[in-house]
Chemist: 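Supplied in structure tokens, the structure appears directly below.
All ligand and atom numbering here is 1-based and tracks the order in the structure. If you read the sequence from its start, that first residue is 1, and numbering goes on from there.
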Amino acid sequence: MASTTVSISPLTRIEGHLAIHTDTEAAGAGHGEQAVRITSARCEGEMFRGFETILAGRDPLDAQQFVQRICGVCPVTHAIASCRAQEMAYGIRPQGNGRILQNLIEAGEYAHSHVLHFYQLSALDFVDVTAVLRYAGKDRGMLALQAWVQDAVGRAGKGQEILPAAPFLPRYEGDYYIKDDATNNALVAHYVEALEIRRIAHEMSAIFGARLPHSTAIVPGGCTQTPTLERVISFRSRLKKVQDFVEKVYFNDVLAAAQAFPHYWEIGRGYGDLLSYGVFETDDAGKRLFAPGVLIDGKLEVLDPAAIAEETGRSRFSSPSKLHPTRGQTVADPKKAGSYTWLKAPRYRGRPLEVGPLARVLVDYHSPGSVVKADVDAILAATGLPAAKLNSVLGRILCRAVELRIILRQMHAWLDELQIDGAPAQRFEICKAGAGFGLTEAARGALGHWIEIKDYKIANYQCIVPTTWNCSPRDDAGVPGPVEKALEGVILADPGQPMEAARVVRSFDPCLACAVH
Ligand code: NFE
């Protein structure tokens, strides 16, 4: 069979507009007749947004508000990255309450985002939602869902092309899903429950963030909401509900999915070179709960922010390539020859690095005083897997659940640490001229903002965002980005329904709204 191109455009159940284009060859003996193997892949971010351009010339204090509009899923982390960048320019650092309140608001966002990724975004690649047609119980949520799916199946029978049961149907049909009705229906029930848990997680963040998804309360040096006893009690009661769900439902469902699809420990292997900026300051000197670092060729290195640059050879920008973000430029060039995406290609000492929960967990795992080591070792011992298997579709999915349990436990300690009715932020003055950068971790990975201030205005603002790292295009030397690499070698049983590729890409939880900012 000659090489054929298989595209998914757009890829659904992610945030934003991403197309995946793959070149394939016949998979050969041992695979089905129509099976193909992906030989190379390209990630295309299909739209441009321009937040960096919008920010130029504005009051620096607008930044943490404007950047939250980059995304509705991870706005808090953008605000915090912006605050860190401004704080560096203003010569302050969040202390005590300010630091803890920012952690709590951001941790609520992690809870919302990870539960969203598993249940609403990726589980439908594994769960047979049509099992709900055979549901015989009395749960109202399940019965409503049953009616929804029943309606779609009925209409499909009448030959309608577009079915009204999104996001459940239409879907890839075939031997892709869990077979057992009881497991499927338990997971479908948890899908419905997860919607409620996400609401509670958002309420939790809104208690100190004033509103969500775009908080008005996060400011350089902390937060504008005083931690009153009432707010702390209100936060803790919600935290317990979210934690209960994560410990008893989410974590076990992830393990159940892993047991049903063990070959996904082998699929979606990336470079294995990982970057984490570290996140959640646990003391006023800036120590972080998850350690920062870079894992290259299995060796942990100290993070060097000067080693980061963005390449633009294959991107729809005429901005010069290989600029460090302090000098970064964003000049759109939609028709640039040889370009295929609206993402730049971030590189670290010229290398593509994967970011996200897998990177966060493994960088911390290899760091002194690791907060994840005990949990990770216990899971590896229980499953009998070597740590190397975490570099896979299932490893990425599992690492979200691993880190969320640790974060939720830590949130109780942060609530205990708050000084009730104490000041929620540091005082500061905007500088006439200065510069700074904020490196933190969004739910999807390493997030950096760089700001330059001149004459009390923003002179330059650059963001390098998790999905820009993961879904980056080839760099100037033609080296594929991390998702492009993880797709290489993946076998598609039916190229007309490239489910295996979709699962690989969704394991990274891409957010294209962020990536093209
Ligand atoms: Ni729009 Fe985001 C996270 C950030 S991903 S979701 O998490 O930053 O590129």
Side-chain angles (χ1 to χ4, degrees), residues 11 13-18 43 45-49 51-52 63-64 66-85 102 105-118 120-122 198 201-202 205 212-215 218 275-280 290 308 310 325 341-346 352-361 396-397 399-400 403-404 407 437-450 461-473 481-483 505-517:
L11 179 68
R13 282 190 276 108
I14 60 159
E15 164 46 52
H17 305 266
L18 172 67
C43 289
E46 298 181 282
M47 67 183 285
F48 173 62
R49 302 186 67 210
F51 272 82
E52 292 156 338
Q64 82 275 359
F66 274 59
V67 294
Q68 288 188 69
R69 273 70 189 174
I70 289 174
C71 186
V73 186
C74 66
V76 168
T77 321
H78 281 291
I80 287 176
S82 183
C83 286
R84 293 289 170 283
Q102 287 192 353
I105 302 169
E106 183 169 16
E109 181 169 276
Y110 269 64
H112 161 263
S113 184
H114 284 3
V115 170
L116 162 72
H117 173 262
F118 183 68
Q120 275 75 44
L121 302 183
S122 73
R198 285 170 49 205
H202 257 177
S205 293
L212 254 286
H214 299 121
S215 165
I218 300 166
L275 163 70
S276 169
Y277 293 150
V279 66
F280 298 123
F290 294 95
I308 298 164
E310 287 192 299
T341 179
W342 284 106
L343 278 72
K344 296 177 188 170
L353 300 182
E354 177 174 338
V355 303
L358 173 69
R360 215 153 33 229
V361 165
R396 293 186 191 96
I397 291 173
C399 283
R400 281 187 192 87
E403 69 170 11
L404 186 54
I407 294 166
F437 60 92
L439 304 182
T440 186
E441 286 280 313
R444 285 158 194 73
L447 172 66
H449 285 202
W450 285 259
Y461 204 100
Q462 289 284 311
C463 312
I464 302 185
V465 175
T467 301
T468 322
W469 283 97
N470 284 339
C471 288
S472 78
V483 170
V505 181
R506 287 198 187 102
S507 73
F508 287 84
D509 193 7
C511 172
L512 272 289
C514 276
V516 299
H517 52 273

Chemist: Please determine whether any non-hydrogen atom of His78 lies less than 4.0 Å from an atom of ligand 1.
Modeler: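 It does; at least one heavy atom falls under 4.0 Å.
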Chemist: Have Arg444 and Ser113 got a donor and an acceptor in their side chains that come within less than 3.5 Å?
Modeler: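 Ser113 and Arg444 do have a side-chain donor-acceptor pair below 3.5 Å.
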Chemist: Taking the six-membered ring for Trp, are the ring centroids of Phe280 and Tyr110 within less than 6.0 Å of each other?
Modeler: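 Yes; Tyr110 has its ring centre under 6.0 Å from that of Phe280.
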Chemist: Between Ala443 and ligand 1, does any nitrogen or oxygen pair lie at a separation below 3.5 Å?
Modeler: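 Looking only at distances, the answer is yes, because the N/O contact criterion of under 3.5 Å is met.
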Chemist: Using a 3.5 Å distance criterion without hydrogens, assess whether the side chain of Glu109 forms a donor-acceptor pair with backbone atoms of Ile105.
Modeler: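 No; judged by distance alone, with no hydrogens or angles, the pair does not exist.
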Chemist: Quick check: Thr467 and ligand 1, any N/O pair under 3.5 Å apart?
Modeler: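 So ligand 1 has an N or O lying under 3.5 Å from an N or O of Thr467.
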Chemist: Would you mind listing which atoms of ligand 1 come within a distance below 4.0 Å of any non-hydrogen atom of Cys71?
Modeler: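 In order of number, 1 (Ni), 6 (S).
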Chemist: Side chains of Gln102 and Arg84: does their closest heavy-atom pair fall under 4.5 Å?
Modeler: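 Heavy-atom side-chain distance check passes, below 4.5 Å.
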Chemist: Taking 2.8 Å as the cut-off, does an N/O/S atom of Cys74 lie below it from atom 1 (Ni) of ligand 1?
Modeler: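 No, since none of the N, O or S atoms of Cys74 sits under 2.8 Å from atom 1 (Ni) of ligand 1.
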Chemist: With heavy atoms of Cys511 as the reference, note each atom of ligand 1 found under 4.0 Å away.
Modeler: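 What qualifies from ligand 1 is 1 (Ni), 5 (S), 6 (S), 9 (O).
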Chemist: Heavy-atom contacts with Ala442 under 4.0 Å: which atoms of ligand 1 show up? List them by number with element.
Modeler: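 Here the atoms of ligand 1 in question are 3 (C), 4 (C), 7 (O), 8 (O).
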Chemist: Please determine whether any non-hydrogen atom of Leu447 lies less than 4.0 Å from an atom of ligand 1.
Modeler: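 Under 4.0 Å: yes for Leu447.
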Chemist: State, with a plain yes or no, whether a side-chain heavy atom of Leu353 is found less than 4.5 Å away from one of Trp469.
Modeler: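 Yes, side chains in contact.
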Chemist: Check the orientation of Phe437 and Trp450. Use parallel for under 30°, tilted for 30 to 60°, and perpendicular for over 60°.
Modeler: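 Rings of Phe437 and Trp450: parallel, as their planes differ by under 30°.
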